Structures are given as structure tokens and as C-alpha cells.
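A, B, ... follow the sequence lines: proteins, then strands. Residue 1 opens every chain. Just so it is clear, the structure is predicted and the values come from calculations on it, not from any experiment.
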There are 2 protein chains.
Amino acid sequence: MAAWATSKTVEARRGPGVHHPGVDDTVSGVWNRRRGVEGVWPLPQTVTTSPERYPLNSQAFYFGYGRQSAAKPGCSVLDAAFKRYFSLIFQDYTSGNGPLRFNQNKPFTVEVSVDHDDCESYPNEDSSERYNLSVSAGKASLNAETVWGAVRGLESFSQLVYQDEYGSYFVNKTEIDDFPRFKFRGILLDTSRHYLPVTAILKTLDAMAYSKFNVFHWHIVDDPSFPYQSSTFPDLSSKGAFHPMTHIYTQSDVRRVISHARLWGIRVIPEFDSPGHTQSWGKGQPDLLTPCYRGSTPSGTFGPVNPVLPSTYQFMTKLFKEVSSVFPDSYIHLGGDEVDFGCWKSNPDVRAFMQKMGFGGNFLKLEAFYMESIVNITSALNKTSIVWQDVFDYHEKIPKDTVLHIWKGTGYKEELSRITKAGMRVVLAAPWYINHIAYGQDWRKSYTVQPLNFSGTDEQKKLVIGGEVAMWGEYVDATNLHPRLWPRASAGAERLWSDEQQTSSVDKAFPRLQDFRCLLVRRGIRAEPLFVGHCKHEYQGI
Amino acid sequence: MAAWATSKTVEARRGPGVHHPGVDDTVSGVWNRRRGVEGVWPLPQTVTTSPERYPLNSQAFYFGYGRQSAAKPGCSVLDAAFKRYFSLIFQDYTSGNGPLRFNQNKPFTVEVSVDHDDCESYPNEDSSERYNLSVSAGKASLNAETVWGAVRGLESFSQLVYQDEYGSYFVNKTEIDDFPRFKFRGILLDTSRHYLPVTAILKTLDAMAYSKFNVFHWHIVDDPSFPYQSSTFPDLSSKGAFHPMTHIYTQSDVRRVISHARLWGIRVIPEFDSPGHTQSWGKGQPDLLTPCYRGSTPSGTFGPVNPVLPSTYQFMTKLFKEVSSVFPDSYIHLGGDEVDFGCWKSNPDVRAFMQKMGFGGNFLKLEAFYMESIVNITSALNKTSIVWQDVFDYHEKIPKDTVLHIWKGTGYKEELSRITKAGMRVVLAAPWYINHIAYGQDWRKSYTVQPLNFSGTDEQKKLVIGGEVAMWGEYVDATNLHPRLWPRASAGAERLWSDEQQTSSVDKAFPRLQDFRCLLVRRGIRAEPLFVGHCKHEYQGI
């Protein structure tokens with residue numbers, strides 16, 4: 001009666017802890033399928049692994065800085081990472097149930113060396129995430145150009161560690177050279193359609209780091225609510241949030257998110273989408289939105305931001321000045337999508353402005369005029385603008401350093417061609433709108449995306465700086481966010497990090513993703529199952 | 001860019017606590033939309049409500065037994081219900097943050113009277129759940145035939161209570177006469193495809209009671225795993241569970257589930273599905289499954305239960321004897337669905353048996369022979385059998401008191417006609433397979449089901465004893481069970497409890513279900529959102 005489902009019965013996959021020395025260790029093929037190369041998600045660029053294994057004892061396990069390392073003890077990013085990864089590696093040590101051995105304390109040290117002391121900086125679009133990890137007897141050497149690369153390498157190291165059936169920890173002799181295929185690997189969360197508590201965002205950042213995502217695209221405001229508490233315009237949230245006290249992000253909340261993200265090497269890019277998607281803005285900012293007319297009288301409803309009033313641009317200048325200083329990343333997302341011209345058309349002041357500007361009846365020109373002004377405001381603040389593809393579609397004259405964000409599912413390959421042909425950089429989100437759920441293993445669709453499979457030159461392909469997995473908020477809040485995101489988003493993560501040739505088989509990815517999903521669950525992430533089976537350690541919450 | 005989604009922006013719905021005295025109270029229509037009639041989910045059969053309201057003070061609020069009540073203090077069901085509902089009604093009292101008022105302690109008493117002292121019994125198929133609730137100044141009178149009816153009435157009472165903007169609690173003058181449309185209102189959980197921790201099951205039972213479900217159909221074992229720890233056949237779980245220690249239900253776990261369910265007036269019906277869906281049984285019970293043959297030699301794989309060996313029926317007799325005593329309900333679900341004849345056909349012993357029995361080549365006769373034997377075993381144990389529709393489809397001679405369970409989505413109305421025409425009782429699950437998720441508001445489909453809209457006489461309609469919402473486990477475990485179940489299952493709950501005429505509009509149900517979903521969240525159930533918006537109290541876990 002469990003019909004309409006895949007009728008195939010799948011054998012329970014045992015967790016990675018089941019490791020038979022003397023059997024698996026000597027049969028490298030079998031062993032590899034269980035740990036090693038395939039034990040790291042997303043798959044590293046190159047891995048050499050061996051059945052030779054080394055015991056890890058939590059009583060004698062150390063993270064340390066290499067002598068050549070530019071970062072030294074006191075480095076906030078690495079000190080924090082060492083502490084976190086110790087707990088992630090020795091899960092049952094943390095919970096007090098680990099095996100204690102007072103003899104045979106063979107020490108093991110993970111020695112981290114980085115070329116740059118970027119410990120107190122923020123990750124940015126040019127940050128190298130390359131690392132080299134070499135695991136040998138008693139020691140792992142992790143070398144990276146930046147602390148962000150080191151954090152990626154620590155994640156890989158943590159995924160190499162496993163427990164045997166006695167609970168003992170091991171890591172195998174391994175050599176990894178790794179770097180991301182794309183430098184922009186984002187997750188979009190939408191905190192306007194539903195408010196997400198800060199804790200839910202922080203946990204998302206943790207899980208992002210486990211999949212090596214490096215951009216949190218914070219779609220912070222939109223039509224339904226304006227939870228960002230602006231210090232310059234406090235009415236925006238006090239009137240535009242779902243609740244002025246409980247459903248807002250204070251400045252301190254925002255700082256907490258940015259700081260947490262930084263320690264994982266994750267950039268935080270806020271989106272203040274306009275001129276459409278701004279209904280909630282209008283509640284706290286009089287005259288910002290266009291009054292719609294029915295015939296010759298205002299109807300009482302409002303449309304997009306009013307592009308004809310100087311006060312609009314004064315407001316935006318102040319708002320983006322604040323936002324630019326609150327969010328350290330060099331990118332700001334300006335939206336620019338889905339503008340409905342109906343209200344503008346109805347408004348006599350807008351029509352008069354069109355006349356004056358010589359736009360005729362072409363409201364795309366008005367929209368372009370507006371977006372150009374906004375882009376100029378953020379440019380003056382030394383920020384790179386990222387905008388939805390609509391802005392390219394109606395206005396090809398935007399500054400060359402603007403990043404276009406493709407969201408329309410239909411024809412996204414043609415759009416990739418067009419935008420890159422114009423020499424513009426692009427982030428691809430369209431095939432990863434995973435808020436769109438479907439029954440069954442819909443992660444396979446995300447996995448088999450080929451982001452560069454579009455018609456264009458090598459130069460064009462280089463303009464695809466990455467991709468983004470989007471979790472829009474119509475049907476998502478803290479109750480279901482994590483199981484919808486994980487491990488479905490991780491499918492996109494591998495596509496954006498790993499070599500496409502090596503990860504072309506979705507069937508080979510399946511058992512690896514199942515293992516990775518169990519690792520997420522073990523780490524307290526409510527990652528949903530991919531199919532029938534179990535994890536050694538099931539989710540313990542309810 | 002949140003495209004492909006409903007583009008309509010929906011205003012945030014404020015929680016039920018926003019109550020403006022002097023406005024809402026005097027405008028009964030407005031007030032009604034907020035609380036009162038529509039404040040109870042599923043909608044009671046008849047409600048009379050008034051804007052007159054009474055304050056409730058947690059310092060002077062009492063549950064008590066009426067003088068005429070057959071149940072007295074010490075009644076386990078009602079004592080437990082009083083304790084639970086006090087905490088559910090005064091949520092912030094429980095958490096220590098409630099408003100304390102040392103003066104004006106106007107007492108309020110909910111006086112419960114029941115006709116039968118069934119306090120220590122189990123709910124059964126004939127248990128009345130009818131209740132009458134009369135809320136007036138300082139007092140609510142709740143009368144029911146049974147303690148189970150009283151528990152349903154307490155749920156309704158708890159949903160009538162609301163807080164104003166000062167946090168003060170109120171209940172309005174109200175009169176409710178209520179009873180369920182169908183006496184069987186079930187939820188199926190599948191603990192074989194994924195193991196569900198006992199705590200996840202207990203929480204499901206809580207949420208079921210909030211929606212007035214009264215049957216927990218425990219699909220406890222199936223092909224992938226056998227988590228039921230049998231005292232007679234311990235190998236079934238020690239060899240057939242995902243893990244013999246962590247992924248099992250001990251006898252004490254099962255008792256805990258049954259006892260928890262009892263206190264909510266919920267029956268627990270276990271399913272031991274055979275002869276198909278038994279792969280996991282075979283691991284711990286040699287010779288139980290049919291050896292499949294390739295040509296003239298066994299292939300090493302196994303098919304359905306072996307129907308030709310006497311040992312099979314000896315085993316089943318012992319197993320069902322145990323199960324009958326462990327599970328007090330008079331129903332046992334015997335499965336009987338989706339039997340693949342391929343293996344039986346391949347096996348020479350089975351073919352010889354067919355010959356001997358005169359079944360010719362008709363394996364349906366063999367299947368019928370098997371099911372008849374199993375039904376006879378449980379009949380001898382004084383249990384009513386419930387079986388999937390397949391058993392009716394291939395074998396119309398099953399005992400008249402067998403209940404048929406419709407699961408096939410295609411043609412379920414015709415199947416309702418056929419089965420009831422044969423005079424058999426039926427439970428309808430087909431339109432409520434809510435493990436099948438879809439993007440958007442798929443609860444609407446569950447809500448608009450018309451279970452009696454099939455061709456048949458009034459007598460036939462009476463044979464539809466109820467319905468069941470099924471959450472099969474292919475893609476569900478503790479990580480995502482609750483947000484997938486709630487509030488989607490509650491749509492089916494109203495269809496099964498309430499009058500169809502009064503609940504024919506899915507659009508009218510929408511805001512009520514949104515409010516009810518916020519109530520679930522407030523009670524700690526991870527119920528997912530229906531659409532854009534917020535709850536006054538969001539889910540606080542992560």
C-alpha cells in the first residue's frame with residue numbers, strides 16, 4: 001500500500017562507522033566505497049588515499065599552527081575552527097561518552113599553515129579557498145593560501161575521520177589537493193515571507209560550511225514584511241515587520257549573523273530588492289511607494305517605489321549608506337525583478353515624468369532609469385551591485401562590474417549565453433530553486449545541472465562566477481526550513497565545488513550523499529532522508 | 001524572483017491573541033471570524049457563541065468532576081487530561097511568565113461529567129466521543145457519555161480560550177454540541193522504512209489529539225526493517241531491525257505508546273502485513289519466506305511468506321497470539337497487499353501445493369487461502385481483521401466483519417461502491433496519502449475529499465466507518481515527520497470529524513487552519529506554514 005512510490009526495496013545502508021579491519025583495509029576498492037575519496041562531500045578535486053590508517057585519540061589530538069604559518073595562535077578564524085572541529089570530530093567525547101584510554105596515547109596533530117594572516121578579515125569574492133591536506137602517521141599537514149582555505153580543509157579532514165565498531169577513531173593516509181570549481185556558491189534564505197529566528201539562520205550557516213557553501217544571500221526584506229531594523233529609518237521595521245519587537249533583526253542580530261558567517265568563511269550579501277517587492281517598505285516610509293490611481297483619483301493602494309520623487313533617491317542613498325556599513329561584503333543585491341507597470345501607468349505624476357524624460361510610453365526606460373540611479377548610489381559606496389536578470393533584460397547599459405543573477409527557469413541557458421556575451425558576470429540560481437519540492441528524490445535534478453553547458457566561448461564561461469541554491473519563503477519557516485534545505489542543497493554544493501567529470505554519475509553520488517546526510521544528522525542538522533534506510537545515529541530531537 | 005510561486009501577496013495574519021474589546025466584542029461578525037465558532041478545529045457540529053466573555057485567571061482556574069459524574073477524582077484519563085490542558089491553556093503560566101494578579105481572582109471551573117466510569121478502559125470502535133460544552137459566567141459544564149468524549153470536549157474548550165493584547169485570558173459564552181461524523185479517524189505511521197524514535201511517535205499522538213484523530217495505525221514492520229521486539233521471536237528484530245539495539249521498539253516502548261495514546265482516547269492498531277512486504281521477517285525466521293527459484297535451483301532470494309508449510313501457520317499463530325495480547329485494541333491490521341506472484345510461481349513446492357489444492361494456475365486462490373488462514377487465526381483471538389483492499393479484490397468470501405482499507409488512488413469511489421455493496425465495512429485512505437508532497441497548498445486536496453460521494457444506498461454509506469491519513473516512510477523520519485504531517489493531516493481531520501455542509505469551503509477553512517497551525521506551533525508541534533505570514537509565537541526550536 002505504500003504505492004505510487006519506488007517499489008524497489010533498498011538495503012539499509014550502514015553508517016560509516018562499520019569498518020572491518022583486515023577485510024576492508026586490505027581490499028582497497030571496497031574500502032574506498034566506504035570512506036576515503038567518497039567520504040568527503042563535496043568531492044575534492046584530487047584525492048589519493050590508502051588503506052593505511054592511524055588511530056586518533058581525543059586525549060592526545062591537537063590542532064596547531066605550522067611554524068611557517070602567517071596566522072598564529074590568537075587567529076580568531078582558526079582558533080574558533082579548531083574548537084569547533086574538535087567537537088565535530090569527537091562527537092561522543094563532547095557528549096561525555098567517548099572511549100577513554102589512559103595508555104597508548106599516540107598523539108596526532110593537525111598542523112595548519114596559511115600564507116596570509118587574514119585572520120581578522122572577511123572572506124571576499126577573491127578569497128582563495130584552495131588547500132592541500134596530507135594525512136600521515138601521527139600528523140596531518142594542512143596548507144592553504146588563506147584561513148578560508150584552511151577552514152575548507154578542516155571540514156574535509158573532519159569528514160575523513162571515522163569510528164570502527166569499537167568506537168575507536170581512525171583516519172586513513174590521504175592526500176588531498178582541493179579548490180572550488182566556482183568561487184560563488186550561495187544559499188538564499190528569504191526572511192520576509194516568513195520570519196526566521198536568528199538561531200535558525202546560524203544553524204543554516206553551520207550546515208552551509210559542512211557543504212562548503214561560501215555565500216549567504218540574505219533576501220532580508222520583500223513585500224510581506226520588513227524585518228531589518230534600520231538605525232536610520234526605524235519605522236521601516238516598526239511598521240513594516242510582522243511584529244515590531246519579535247519579528248525583526250536588530251543591528252546586533254545582524255552582526256551576530258555576519259560574525260558567525262565570517263568564522264565559517266561565508267560572505268553575507270544582503271538584498272534590498274526594489275523598485276518592486278517593496279510593499280512592506282511603504283508602511284514605514286511615507287511617499288516612498290507610487291500611489292496607484294483609479295481614473296483620476298488615488299485608489300488607496302500603492303505600487304513599486306516612486307521613481308519620480310527626489311525624496312526617493314535621498315531615502316535610498318541614506319538607506320544604502322547604512323546597509324553598506326552594516327554589511328562588510330563588497331556585494332549588495334539590489335533586486336530589480338518583477339516590476340509591475342500597472343500602477344506607474346495609472347499615476348499622472350509618473351506619466352508627466354515620462355513625458356519630461358522623453359521615455360514616451362516605454363516604462364522599461366523608467367525602470368532602467370530607476371535601477372541605474374540605485375546602482376550608482378551603491379557604486380558610490382564602493383559596492384558591487386548584484387541584480388536579478390530582469391535588469392539585464394530591459395537595460396543592457398548597466399555598469400560592466402554588475403553581477404547578473406539568473407532566476408528564470410525557462411531558457412536559462414540562452415540567458416547565460418546572452419549575459420556572458422555582453423561581458424557581464426553571472427550567478428546561476430534558476431535550476432536550484434529548491435523551495436519547489438516534489439515527491440521523491442528531487443535532489444537528482446539539482447545534481448545533474450551543468451552550469452557551463454551553454455553556447456559560448458571559454459571567455460564567456462569564465463564569467464559564470466557561480467551558483468546559488470534558493471529557498472524562497474512562501475511555505476518555509478523555522479518549522480521546516482532545515483529538512484527542506486538539507487541534504488537537498490548539498491547536491492547543488494557538490495555541483496558548484498567539484499569537478500564535473502568526476503561527479504557526473506548521480507547514482508554514484510547517491511550512497512555518498514546518504515552518508516553525508518547521516519553526518520549532517522549526527523551534527524544536529526535536521527537533514528531529511530533521501531530514501532528508505534537509517535543512520536547509525538538518528539536525529540535525537542523531535 | 002520568487003517566481004513560479006503564487007504571486008499574490010497575502011497580508012500577514014495576526015495571531016488569535018489580538019483582540020480588541022469594544023470593537024470585536026460588539027461586532028459579532030468580526031469577532032466570530034477571529035474566535036468562537038471558527039476558533040475550534042475541526043469545526044464542531046453545532047456551536048452557539050456570543051460576544052460575552054469571561055476572564056480566566058490561572059490562579060483561580062479549576063477542572064473538576066461534576067456531582068453526577070460516573071468518573072470521580074482518581075480517574076486516570078481525566079486527571080491526566082486536566083493536568084495537560086491546564087498547561088496547554090495557560091502556556092505562559094507554565095513557562096513562568098504569566099501575568100499574576102493577586103486581587104480579583106474570579107474563579108472559573110470546568111466541571112466535567114461523564115455517564116460511564118470507563119476511566120481505566122481503552123477506547124474502542126464503539127466508544128462515543130459525543131460531548132456537550134456549555135461555557136457561562138465562572139463555569140463551563142462539559143458533559144459526555146464517556147471519558148473519551150470528555151477529552152474531545154476539553155480539547156475544544158482549550159481552543160476557545162484566547163489572550164487579549166494585555167496577555168489576559170478569556171473565554172466567550174459558548175454552547176457546543178459535538179460528535180464525530182466518522183468513528184474511525186486514523187493516522188498511519190510507517191516505522192519500517194525509517195525508524196521513528198518513540199518520542200516522535202508520542203509527539204504525533206499529542207498532535208493527533210489536538211485534531212481529534214482517534215486511531216494510530218502503526219505500520220510497524222515491512223520489507224526494510226522489523227523493529228518490533230517480539231518476546232516470542234526475538235530474532236525477528238535482532239536480525240531484522242536496522243539495528244538490534246537502537247532501532248527497535250521494546251515491549252516497554254510499545255506499552256508506553258499504547259498508554260500515551262489511551263490517555264488521549266486514541267486506539268493503537270498494529271499492522272503486521274503479510275504475505276508480501278515481509279523481507280525483513282525472513283532474516284530472523286528461517287523457512288518463513290518462499291525461496292525463489294531460477295530454473296530448478298534456488299536463486300538465493302526470497303519472496304512472500306511461504307504459504308505451503310505448516311510451520312508458517314504455527315509461527316503466525318504464535319506471533320499473533322503475542323501481538324493480540326500486547327495490543328489491546330480489538331482490531332489487528334493484517335495487510336495483504338501487493339503480493340508479487342513471481343517467486344511463488346518459480347518454486348516447485350508451491351506449484352505442487354497449488355496442484356494438490358486444485359488451484360490450477362490461479363495464484364490469487366493461493367493468496368486467498370493464505371489470507372483466510374491468517375484471518376482465521378486472528379478471529380480465534382477475538383480480533384477484528386482490517387486488511388488492504390487487495391484482499392477484497394481477489395477474494396470476496398472473507399468474513400463479514402473484516403474491515404477493508406482502500407489505498408489505491410485510482411477508482412477509489414468505485415471501490416467504495418463495490419465493497420459496501422458486498423456489505424463490508426471500509427476505511428478510506430486513498431485520497432489522504434500525504435507522504436506524497438507537492439509544492440504549494442496541497443492540503444486543499446485533502447480537505448475537499450467527499451468520502452461518501454460514491455454511488456450507493458444509505459446503508460452502504462453507513463459502512464464507511466472512517467478514513468485515514470497515511471504518512472508512508474520512504475522519505476520521512478524524525479527529521480521531517482512533524483512538518484510533513486502538520487497541519488496537512490489536520491485538513492483530513494476536519495473532513496472526518498465535521499459536518500460536510502458546514503465545511504464545504506476550502507477558502508473559509510484557510511484562515512481557520514492558519515490559526516490552528518499557529519496553535520500547534522505554540523504547543524510545540526513543528527507544524528509547517530500554509531503560506532506567507534507569521535504566528536504570534538513562532539517555533540522556538542531550530
Side-chain angles (χ1 to χ4, degrees), chain A residues 1-6 9-10 12 190 193-195 197 199-200 203 222-225 242-243 246-247 279 335 337-338 388 405 407-409 429 433 435-440 470 472-480 482-483 521 526-534 536 538-542, chain B residues 1-6 9-10 12 190 193-195 197 199-200 203 222-225 242-243 246-247 279 335 337-338 388 405 407-409 429 433 435-440 470 472-480 482-483 521 526-534 536 538-542:
Chain A
M1 5 72 283
W4 311 340
T6 316
T9 300
V10 160
D190 168 4
R193 290 178 176 81
H194 285 98
Y195 178 79
T199 47
K203 193 136 196 165
D222 201 305
D223 283 328
S225 77
F242 284 136
H243 188 281
T246 59
H247 287 65
Q279 287 293 302
D337 59 309
E338 297 184 305
W388 297 108
H405 203 161
W407 65 271
K408 293 183 185 177
Y433 262 38
N435 52 306
H436 293 272
I437 54 170
Y439 186 62
W472 293 101
E474 281 83 353
Y475 302 103
V476 175
D477 71 5
T479 61
N480 59 354
H482 292 294
V521 169
R526 211 180 255 273
E528 67 181 21
L530 296 174
F531 197 52
V532 175
H534 80 296
K536 192 175 163 193
E538 300 288 2
Y539 190 76
Q540 287 307 310
I542 45 166
Chain B
M1 7 70 282
W4 312 339
T6 316
T9 300
V10 160
D190 169 2
R193 290 178 176 80
H194 285 98
Y195 178 79
T199 47
K203 194 137 194 163
D222 202 305
D223 284 326
S225 76
F242 285 135
H243 187 280
T246 59
H247 288 64
Q279 287 293 303
D337 59 309
E338 296 185 306
W388 297 107
H405 203 160
W407 66 273
K408 294 183 183 174
Y433 262 38
N435 54 306
H436 293 271
I437 54 169
Y439 187 62
W472 293 101
E474 280 84 353
Y475 303 101
V476 176
D477 71 3
T479 61
N480 59 353
H482 292 293
V521 169
R526 209 179 256 272
E528 68 181 20
L530 297 173
F531 196 52
V532 174
H534 80 295
K536 193 176 163 192
E538 301 288 1
Y539 189 76
Q540 287 308 310
I542 45 166

Practice prompt. For the residue pair A:His534 and B:Phe242, categorise the inter-ring angle as parallel (less than 30°), tilted (30 to 60°) or perpendicular (more than 60°).
Written response: parallel
Worksheet item: A:Glu528 versus chain B, heavy atoms under 4.5 Å apart: side chain, backbone, both or neither?
Response: both
Discussion item. Please classify the contact between B:Ala527 and chain A as side chain, backbone, both or neither, with a heavy-atom cut-off of under 4.5 Å.
Written reply: backbone
Response to the item:
From the list B:Ile437, B:Thr246, B:Leu530, B:Val521, the residue making the most non-hydrogen contacts under 4.5 Å with chain A is B:Ile437
Item to complete: Side-chain contact test, heavy atoms from C-beta onward, threshold under 4.5 Å: evaluate it for A:Val532 versus B:Ser225 and give yes or no.
Response: no
Discussion item. Looking only at the aromatic ring of each residue, does the gap between the centers of B:His436 and A:Tyr439 stay below 6.0 angstrom?
Written reply: yes
Worksheet item: Considering only heavy atoms, which portion of B:His194 lies under 4.5 Å from any heavy atom of chain A: side chain, backbone, both, or neither?
Response: both
Worksheet entry | Side chain to side chain, B:Lys203 and B:Arg526, heavy atoms closer than 4.5 Å | no
